[in-house]
Protein chains: 2
Amino acid sequence: MTVGEGRRVTITAIAAEAGVSVPTVSRVLNGRSDVSPQTRERVEELLRQHGYRRRAARSRVSASLIDLVFNDLDSPWAVEIIRGVEDVAHAAGVGTVVSAIHQRSTSARQWLQNLRARATDGVIFVVSDLSPPLLAELRRLNIPMVVVDPAGVPAVDTPTIGATNWAGGLSATEHLLSLGHRRIGFIAGPKRLLCSRARLDGYRAGLEAAGIEVEEELLFQGDFYHESGFAGGAAMLELDDPPTAIFASSDQMAFGVYEAVRRRGLRVPDDISVVGFDDLPEARWASPPLTTVRQPLAEMGLLAARTVLRLAQGEEIETPRIELATDLVIRDSTAAV
Amino acid sequence: MTVGEGRRVTITAIAAEAGVSVPTVSRVLNGRSDVSPQTRERVEELLRQHGYRRRAARSRVSASLIDLVFNDLDSPWAVEIIRGVEDVAHAAGVGTVVSAIHQRSTSARQWLQNLRARATDGVIFVVSDLSPPLLAELRRLNIPMVVVDPAGVPAVDTPTIGATNWAGGLSATEHLLSLGHRRIGFIAGPKRLLCSRARLDGYRAGLEAAGIEVEEELLFQGDFYHESGFAGGAAMLELDDPPTAIFASSDQMAFGVYEAVRRRGLRVPDDISVVGFDDLPEARWASPPLTTVRQPLAEMGLLAARTVLRLAQGEEIETPRIELATDLVIRDSTAAV
DNA sequence: CTGAAAGCGCTTACAG
DNA sequence: CTGAAAGCGCTTACAG
């Protein structure tokens, strides 16, 4: 399969419709400065409407590529998403271009320039903050995109794929409650991320349903990384009335809690229960194996790839926002009080 | 920078040199069947010699891409290598196409077909077994390649980038010896991999230098994955005279040993010392933090990318085999007997 | 700022 | 199996 086979518009067609010459359209396409603003706007509008994409003359072998963009390639779950995307793309004869834009605008600009040159079929973003000018540019180029695990409220008309973070937060909390825990600490992710807030709210909902008040001293503000889990765990263990369980809203923070517990000479789950969120591959092989909320990362990547390929084919997507189910995986880090 | 800027050969030039028409060269290029074997061979030879690569008419924006190929995307160190490669490629305006070929020849064929369509600038392999026909085809297409952490003895004239596995095995062993350990277990990686054998030999060399005999019952055959580390650790702990330290030749196996130790109700490093190999990001945040031999994976990726880009520019590579230094990182999983 | 003209590198019928 | 011809989609001077 090659993406976007059918009758694609040529610049000749666009030029005719816009009432300008072919070279003029070419200039707009290449971002040359010597085009009047009105002309540029009219042509761009048409390019967008028709979903124009550059194609080599007579060539049926248009290199099909999709771009998969991360903030940084330092998270262990990146590879899970890559795996899902690559799987679908590979089968469709499409290459997966992986990039990290590091939140730096120079890097993003560079990336965008490369993107144009390689005439990508679509973009999957796994980044927390998309700069509006970047998005505008992509829309101008009429490049299909989908956003995985959106951080904030995403722009309209961009399909997003996430997980049921709220439900995951709730189920982890209910699990701990069912084991008899009443003092349950929570280590949150960055506030600006939607998924962080949803997990926290799931935790709150669980406690409230059990008639337990949420205590400030049992809430710790983390950032999803190990260090903050360690700090949060250490802080809570030092309380006069420490929690009997800690729910860290990422696996990495849960491992940080493990280390805080160990440093105190205590044991998981004998002295304190720990729950994570993500189910990274290493969760299964932590000591003890970590009870955690599984996020189907590979499946999210899979779905994102399918969606972007469909968009590239010009199909309409009926459900612009999808949340895949999370799943509580009970292992050995949780026990009855 | 765009790779291979300079004067690239066109099919017109090739046709002239071969004494055939342009359409004939085009046919060879596209793998059409209606070309006589002699003609095909002559043309292919010239294409190879000149390092021909398809280019869009008049277009200076040739999409620069390098391919990064793994067996599977299930190893936590894959992302480390991706990071290194992406870093260099991104800066050079080159896209990084990540693929997994899953050792299945159908998948490899599919990949090769996609590769041709996208006119890659070069390929970095991180795979243990390259099928000879695949290699032959790549060579025929004149695509530069480099192999990272070669599994077996690599084909001549393909640059390889590895790590000093033997030295790493030695230094880990010496570290344990210096702590007073005399009974040191070893969990090996797959025998067919060069790196496995080098690590094992480093371990042997260390023991021999200290006048200690290598005991069969302290050697366990693993496969680099968690399960085998767990099995190896469990088996050794059941010995009448168990080791006081275990050197697992991958971090994942070391984590398996952690779990075997925990299941026995013992503690690392109080009851037994454990050393790993790789220094994955999670090694630092294991409980306890893992003493391990660091392999500079990101740097290996970096170097591989630089090398393949240089080859793509037509440069000669003076040192076809490079081994980057490993480094013993001492953390909390090792202690004096 | 724009277009007519020339041209690029490649591919596709068509004819033999 | 091969080539002369036509043509594709696009870009680049050049002229105004």
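Below, read A as the first sequence line, B as the second, and so on, with proteins coming before strands; counting in each chain starts at 1.
- A straight line from CZ of B:R42 to P of D:dT2 spans 8 Å, rounded to a whole angstrom.
- Summarising the local packing, CD of B:E45 is surrounded by more than 12 heavy atoms from other residues, nucleotides or ligands at distances under 6.0 Å.
- Between the CG atom of B:D34 and the P atom of C:dT12 there is a distance of 11 Å, given to the nearest Å.
- Contact annotation: the side chain of B:P281 never approaches that of B:W77 to less than 4.5 Å [non-hydrogen atoms, C-beta and beyond].
- Here the nucleotide nearest the side chain of A:S21, chosen from C:dG3, D:dG3, C:dC1, is C:dG3.
- B:V20 comes within contact range of the sugar-phosphate backbone alone, with a heavy-atom separation under 4.0 Å but no base atom that close.
- Atom-to-atom, CZ of B:R27 to P of D:dC1 comes out at 11 Å; the value is rounded to the nearest Å.
- At the phosphate of D:dT11, OP1 or OP2 sits under 4.0 Å from a side-chain N or O atom of A:S26.
- A distance-only check finds no donor-acceptor pair linking the side chain of B:R321 to the backbone of B:I161 [under 3.5 Å].
- The A:T39 side chain lies nearest to C:dC1 when the options are C:dC1, C:dC10, D:dT2.
- The side chain of B:P23 has D:dA5 as its nearest neighbour among C:dC1, C:dC10, D:dA5.
- The side chain of A:I11 has D:dC10 as its nearest neighbour among C:dG3, D:dC10, C:dC1.
- Although no hydrogens or angles enter the test, the distance criterion places no donor-acceptor pair under 3.5 Å between the side chain of B:E299 and the main chain of B:G84.
- Here B:T12 does not reach the OP1 or OP2 of C:dC8: none of its side-chain N or O atoms lies under 4.0 Å away.
- If you check D:dG16 for Watson-Crick or wobble pairing at under 3.5 angstrom, you find it paired to C:dC1.
- Side-chain nitrogen and oxygen atoms of B:T24 include none within less than 4.0 Å of the OP1 or OP2 phosphate oxygen of D:dT2.
- The nearest whole Å value for the distance from the CZ atom in A:R40 to the C1' atom in C:dC1 is 11 Å.
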